[in-house]
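Working notes, beginning with the structure itself.
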Amino acid sequence: MEKTFNAAEAEARISNAWESAGAFRAGANAKDGMPAYSIMIPPPNVTGVLHVGHAFNNTLQDVLTRWHRMRGYDTLWQPGTDHAGIATQMVVERELARTQQPSRRELGREKFLEKVWDWKEQSGGTIREQLKRLGASCDWSREAFTMRGAPGDPAPEEGPNFHEAVIKVFVDMYEKGYIYRGKRLVNWDPHFETAISDLEVENIDTAGHMWHFKYPLAGGATYEYVEKDADGNVTLRETRDYISIATTRPETMLGDGAVAVHPDDARYAPIVGTLCEIPVGPKEHRRLIPIITDDYPDPEFGSGAVKITGAHDFNDYGVAKRGNIPCYRLMDTKAHLRDDGLPYAEAAAVAQAVANGERSLTETEADALNLVPDHLRGLDRFAAREKVIAEITEEGLAVMTRADDPILGKAALKPDADGADAPVPLVEAKTITQPYGDRSKVVIEPMLTDQWFVDTAKIVEPALEAVRTGRTRIMPEQHRKVYFHWLENIEPWTISRQLWWGHQIPVWYGFDLGRHGFRDDEGDGALDEVELLRLLDAQTLLKGDERHHSAADFEAVAAQFADVLAGLPTPLNRARVIEVADRNAAAHALADSLADYNLSQDPTHLVYPVWRDPDVLDTWFSSGLWPIGTLGWPEDTPELQRYFPTSTLVSGFDIIFFWVARMMMMQLAVVDDIPFKDVYVHALVRDEKGRKMSKSIGNVLDPLELVDEYGADAVRFTLTAMAAMGRDLKLSKDRIQGYRNFGTKLWNAARFAEMNDCKPVDGFDPAAVQQTVNRWIVGETARARLAHDEALEAYRFNDAANGLYAYVWGTVCDWYLEFAKPLFASGDAAVIAETRATMAWVIDQCLILLHPTMPFITEELWAEIADRPKMLVHADWPTYGDGLIDAAADREMRWVIGLIEEIRSVRQQMHVPAGLKVQLLQLELDAAGQAAFETNRAMIDRLARLSDVTAVEAMPKGAVTVAVEGGTFGLPIADLIDVDEEKARLEKVLGKLAKELGGLRGRLNNPKFAESAPEEVVEETRHNLAAREEEEAKIKAALDRLNEIG
RNA sequence: GGGUGGUUAGCUCAGUUGGUAGAGCGCUUCGUUUACACCGAAGAUGUCGGGGGUUCGAGUCCCUCACCACCCACCA
């Protein structure tokens, strides 16, 4: 055997061996009658590369999986990848740009999607190979992909048809009314030009400003503005012809629909109900908006008056809805100010009529109105902001600072030309919380758009209930609260994305001809020619309403539309449903078809065009179905029967809402069952300074580089040992190196066993060994196994790993191997044979117990040591326990170890040369000690480096005392020791003892202690006191002797 | 603004029902002896963040303060 394990060479070889043996297949090594154990991998992005977080997450899953597999469970670890809508589309677009290929828009949807599939084929396997290098024992033959089976998939047969499952769920939920479409204010990402959900928004504090502007009252009206302090004393009274508004987003003033004040705010009571003017835009077309009341404005904040821009602010939207204020959208998909629709003058006139109460607008009509002044159209929102500020300020409508400014004070004044203080526009520097897209990193714009939503309120309750009742357990406990809090306050989930890469929403739209008045109410089947002619106008159709249906494919949806058409008068009821690209095409197709019919009077020429929703579903909608989708749902597959609900989910806390909570809701909504029984939530991996690993800081540790450098086992063991619940873990190379050394230690222990001809013995019975040492190590092994299993059962990965570390290194290597050496040299054939067999058994146990965490090195040693019927990956996990622990052997070996340590300690402190063998004097020893001492003489001699042992009546001068339980020994090293040093040593020991004795006596002397403490605690304390007192007496005696010397 | 977690040896962190504090790394000294120098032996270091309380007894439970981190949140 080599001196160290060659990880680089062995890992690939062992991986292949596992794979070709089908060792990871679902159900491999399952024992009859054993239950299933299944884990769904959190699917990494298909374009992703393995980072430390993956390594951590998957190591834990692998530990659990391998452990259960060895225990005979019917085990499945289901692998797969996520199509990751935005992320992947972003990567491919960037790639197109880098290689100077046509852009996404230039390519068009179909061609672009081909590119994405190409990219997926090229790079999609990267992370799988990386996971394999880590040793992940997934059933790779079952690899799933969330877009599998989607149109364009070049390999639709590989793995379950996830696409079909996703579409089916959408259709089902649509039909159950769990999904609806609506025009709502959503978070809009202007970079990707798509809506995103609340969760994809990061709120970041940024330095911003708050501007104060005057909105002049209509017609130059004035009012008495009065401010009072808390006691009701008037602090300011002036006549104003304006209302002061504070805003951090001046560009949105263009879309204001009202100014709101609190109903109890006396300052503005005189002007509530009147109109004021938005102080921006061409003077002749300034819009007047009403001053309304709403509970939302906080009278204490700013001026107490809030401008209401319903289409660009979530609060304002609420106010607008309550007050029936129109919402005017100002921006396009890129968050540039709109450049469409009517010229400003005309649009403003319409809006004015609305504000005057002369007319009202439907939501669609309001949305169509572009109230951006002509000269600002097309500007970026931030450029527009600057212009708006400049224009208002120039016009003198900015609120100016004053010497007693309550906010800025006199400091805000600037010297004018004469050197006197002059007011300047009131602009507060202010930290504002700005929403950013988590992927795009650009400022999110609230936008009023049509989107699809999951009505989460309707499906949330079972997800809450399952965790409340413990049907699904979330660990650590603290995350339960987080889960509850989020779900109890859940908002509708925006699931449509204006992207191309994803599951295209299975909804088709058609014009709602019924709403156009073509109802067959009379039942006469006649259609007025005039009405028909009106339909000829495609423009009219484009403005019209539409209806939608959802179905898995066009054929199915066509049937639904046909049913609706059947209720219409002739000839519309005979129209043939066809699919066209979009709304525009549909309008023209319908108009053409009607024109055609008008000429031909042939109803077979009539078509009813429908078009499919171009949007795709949020990636998390599909990954929310991961547990059932990977198992072949909607078919009732055997895998679904066996492995669902899954046993454990291992997830980072950062995706509890994104993924865990949604899987709960979705699975319960779709198949009415929980997706998993246990959720183990782990923390984040950070760098050694505690920072989140990020590419921009450059502190990212590449797990594969670490694997190259230290081996997969070391990386895995490190991550497992650091996986204490609920806390972030900091990863450093030192730590990994330490565990690499642990692997080497194990390797060399096995090498030692081999060198001493320790071969596994068939039918070896650990309970039957005779030698005390062997009985002892067998018991220690049982203890280690029990502790390990108990820890893993409770997901205390760190305890499991550290326990094995201490057992293998601290017990087996440090003591058992050393004890074995004199036994092997004893010449007693029976002892040697038993020790060899025990040693081989012990090493095997080490390999088995360590295999889940260190699969490679243990598998390699397993084969190195002997030819075996099965690989270690399928070895039987031991079930032995307390029965193997021999209390007497335990006590005896503890005593021996204590004695050896004591002698070593004294030697070292007295500077006895390490290589020198010394004589041991035996002064007094009780019967138990005597027996232990004699049985283990050979080991004690060797490990304490003794030349011989002599019984003495009294401790000779110049001997150093070695006090142990039940006896006193001495080392006659007079010529070697420094008396003062030995005195100091003993004084120190006495000091420690005195402290301990004080505590123990204090407790025992306290009558209340004896009364209230449990008996065994009192008993233990008494015993401790006695032992400490005995020790103190011995040390004192030794000190006396030294004092005699001088 | 709300919530959660944290503050233990030089560093990174364990410490499961309250019984009197541990590990790894680092450091110091010594060391080549049937595996291992990626090693062995020995050793040093703690007002368990501050204060108060409950208790015979508190790192552990309660209150409070301070600081750090993270999550959630609509203050114009």
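Chain A is the first sequence line, chain B the second, and so forth, proteins listed ahead of strands; every chain is numbered from 1.
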Exercise for the section: Have a look at A:Ala753 and say if it touches a base, only the backbone sugar-phosphate, or nothing, with a 4.0 Å heavy-atom cut-off. Expected result: nothing

Practice task
Choose from B:A35, B:C71, B:A76 the nucleotide whose nearest atom is closest to any side-chain atom of A:Phe657.
Solution key: B:C71

Handout entry: Euclidean distance for C1', B:C27 against B:A44 (whole angstrom)
Key = 9 Å

Problem - Minimum side-chain heavy-atom gap A:Phe1009-A:Thr1021 below 4.5 Å - result: yes

Handout entry: Gap in Å between the two P atoms, one belonging to B:C62 and one to B:U16, rounded
Key = 14 Å

Handout entry: Presence of donor-acceptor pair under 3.5 Å, side chain of A:Glu818 and base of B:A41
Key = no

Practice task
Using a 4.0 Å heavy-atom cut-off across all strands, classify A:Tyr296 as base, sugar-phosphate, or nothing.
Solution key: base

Problem - Inter-nucleotide C1' distance (B:C56, B:G18), Å rounded - result: 12 Å

Handout entry: Residue-phosphate contact under 4.0 Å: A:Trp809 side-chain N/O, B:G40 OP1/OP2
Key = yes

Completion exercise
Rounded to whole Å, CD1 of A:Ile865 lies from P of B:A35 at a distance of 17 Å

Handout entry: Check: A:Glu445/A:His312 side-chain N/O donor and acceptor closer than 3.5 Å
Key = yes

Problem - Check: A:Asp316/A:Tyr296 side-chain N/O donor and acceptor closer than 3.5 Å - result: no

Problem - side-chain N/O A:Arg942 vs B:U34 OP1/OP2, d < 4.0 Å - result: yes

Exercise for the section: Using a heavy-atom cut-off of under 4.0 Å over every strand shown, decide if A:Phe314 touches base, sugar-phosphate, or nothing. Expected result: nothing

Practice task
Examine the base of B:C38 for any acceptor or donor lying under 3.5 Å from a partner atom in the side chain of A:Arg740, and report the outcome as yes or no.
Solution key: yes

Exercise for the section: Could you tell me whether the phosphate oxygens of B:A76, OP1 or OP2, come under 4.0 Å of any side-chain nitrogen or oxygen in A:Lys430? Expected result: yes

Practice task
Ignoring hydrogens and angles, state whether a donor on the side chain of A:Thr431 or A:Asp205 is under 3.5 Å from an acceptor on the partner side chain.
Solution key: no

Problem - Close aromatic pair by centroid cut-off 6.0 Å: A:Tyr680 and A:Phe797 - result: yes

Practice task
Could you tell me whether A:Lys917 contacts a base, only the sugar-phosphate backbone, or nothing, with contacts defined as non-hydrogen atoms closer than 4.0 Å?
Solution key: nothing

Handout entry: Among B:A76, B:A35, B:C56, the nucleotide that comes nearest once only the side chain of A:Phe1009 is considered
Key = B:C56

Problem - Length of the CZ-P vector between A:Arg735 and B:C38, whole Å - result: 20 Å

Practice task
For nucleotides B:G51 and B:A58, find the distance between their P atoms and express it as a whole number of Å.
Solution key: 14 Å

Problem - A:Asp941 CG to B:U34 C1', straight-line distance once rounded to whole Å - result: 17 Å

Practice task
Identify whether any heavy atom of A:Val482 sits under 4.0 Å from a base atom; if not, whether one sits that close to sugar-phosphate; answer base, sugar-phosphate or nothing.
Solution key: nothing

Practice task
Would you indicate, yes or no, if B:G43 has its OP1 or OP2 atom less than 4.0 angstrom from a side-chain nitrogen or oxygen of A:Ser905?
Solution key: yes

Problem - Passing option when A:Lys307 is tested against A:Thr252, A:Asp313, A:Thr247 for side-chain hydrogen bond (donor to acceptor under 3.5 Å, both in side chains) - result: A:Thr252

Exercise for the section: For A:Gly304, answer base if it contacts any base atom (sugar-phosphate contacts may also be present), sugar-phosphate if it contacts only those atoms, and nothing otherwise; contact means non-hydrogen atoms under 4.0 Å. Expected result: base

Practice task
Write down the partner of B:U7 under the Watson-Crick or G-U wobble criteria, each distance required to be under 3.5 Å.
Solution key: B:A66

Practice task
For A:Asn315 and for A:Lys3, find the nucleotide of RNA chain B with the closest heavy atom, then tell me which residue's nucleotide is more 5'.
Solution key: A:Lys3

Practice task
Describe, in one word, how the ring planes of A:Phe657 and A:Trp486 are oriented to each other, choosing from parallel (under 30°), tilted (30 to 60°) and perpendicular (over 60°).
Solution key: parallel

Handout entry: Side chain of A:Gln908 - closest among B:U4, B:U29, B:U33
Key = B:U29

Problem - Candidates B:A35, B:A14, B:U34 - which lies nearest the side chain of A:Asn756 - result: B:U34

Exercise for the section: Look at the side chain of A:Lys821 and the base of B:A35, then say whether one donor and one acceptor between them are separated by less than 3.5 Å. Expected result: yes

Fill in the blank from the handout: A:Phe717 atom CZ is separated from B:G24 atom P, nearest whole Å, by 12 Å

Exercise for the section: Just call it for A:Asn489: base, sugar-phosphate, or nothing, with non-hydrogen atoms closer than 4.0 Å on any strand. Expected result: nothing

Completion exercise
Scanning all shown strands, the Watson-Crick or wobble mate of B:U17 with both distances under 3.5 Å is none

Handout entry: For atom CG of A:Asn187 and atom C1' of B:C74, their distance in whole Å
Key = 11 Å

Problem - Sugar-phosphate only, base, or nothing, as touched by A:Pro1007 at under 4.0 Å among non-hydrogen atoms - result: nothing

Handout entry: Distance, rounded to the nearest Å, where A:Asn741 contributes CG and B:C39 contributes C1'
Key = 9 Å

Handout entry: For B:A37, the Watson-Crick or wobble partner whose two distances fall under 3.5 Å
Key = none

Handout entry: Atom C1', compared across B:G19 and B:G57: separation rounded to whole Å
Key = 7 Å

Problem - B:U8 versus B:G46 - spacing of their P atoms, nearest Å - result: 15 Å

Handout entry: C1'-based separation of B:U34 from B:G40 [nearest Å]
Key = 14 Å

Practice task
Remember a base hit wins even if backbone is also touched, and classify A:Ile308 as base, sugar-phosphate or nothing at under 4.0 Å, heavy atoms.
Solution key: nothing

Practice task
Establish, with yes or no, whether the OP1 or OP2 oxygen of B:C72 is under 4.0 angstrom from a side-chain nitrogen or oxygen of A:Lys481.
Solution key: no

Handout entry: Watson-Crick or G-U wobble mate for B:G1, both contacts under 3.5 Å
Key = B:C72

Problem - Distance-only side-chain donor-acceptor flag, A:Glu818 / A:Tyr816, under 3.5 Å - result: no

Fill in the blank from the handout: The answer to which of A:Tyr805 and A:Asp205 contacts RNA chain B further toward the 5' end, by nearest nucleotide, is A:Tyr805

Problem - Side-chain heavy-atom pair A:Lys733, A:Glu709 within 4.5 angstrom cut-off - result: yes

Practice task
Under 4.0 Å between any heavy atoms, over every strand shown, what does A:Asn802 touch: base, sugar-phosphate, or nothing? Just pick one.
Solution key: nothing

Problem - Which nucleotide in B:U16, B:C39, B:C75 has an atom nearest any side-chain atom of A:Phe301 - result: B:C75

Problem - Separation of atom CG in A:Asn6 from atom P in B:C38, rounded to whole Å - result: 16 Å

Problem - Charged N-O contact under 4.0 Å between A:Glu2 and A:Arg751 - result: no

Handout entry: Base partner of B:G43, which must satisfy Watson-Crick or wobble distances under 3.5 Å
Key = B:C27

Practice task
Pick the P atom in B:U55 and in B:G6, then give their distance to the nearest Å.
Solution key: 26 Å

Exercise for the section: When you get a sec, tell me which of B:C72, B:A76, B:G19 is the closest nucleotide to the side chain of A:Ile432? Expected result: B:A76

Fill in the blank from the handout: Between CG of A:Asn203 and C1' of B:C75 the distance, given in whole Å, is 13 Å

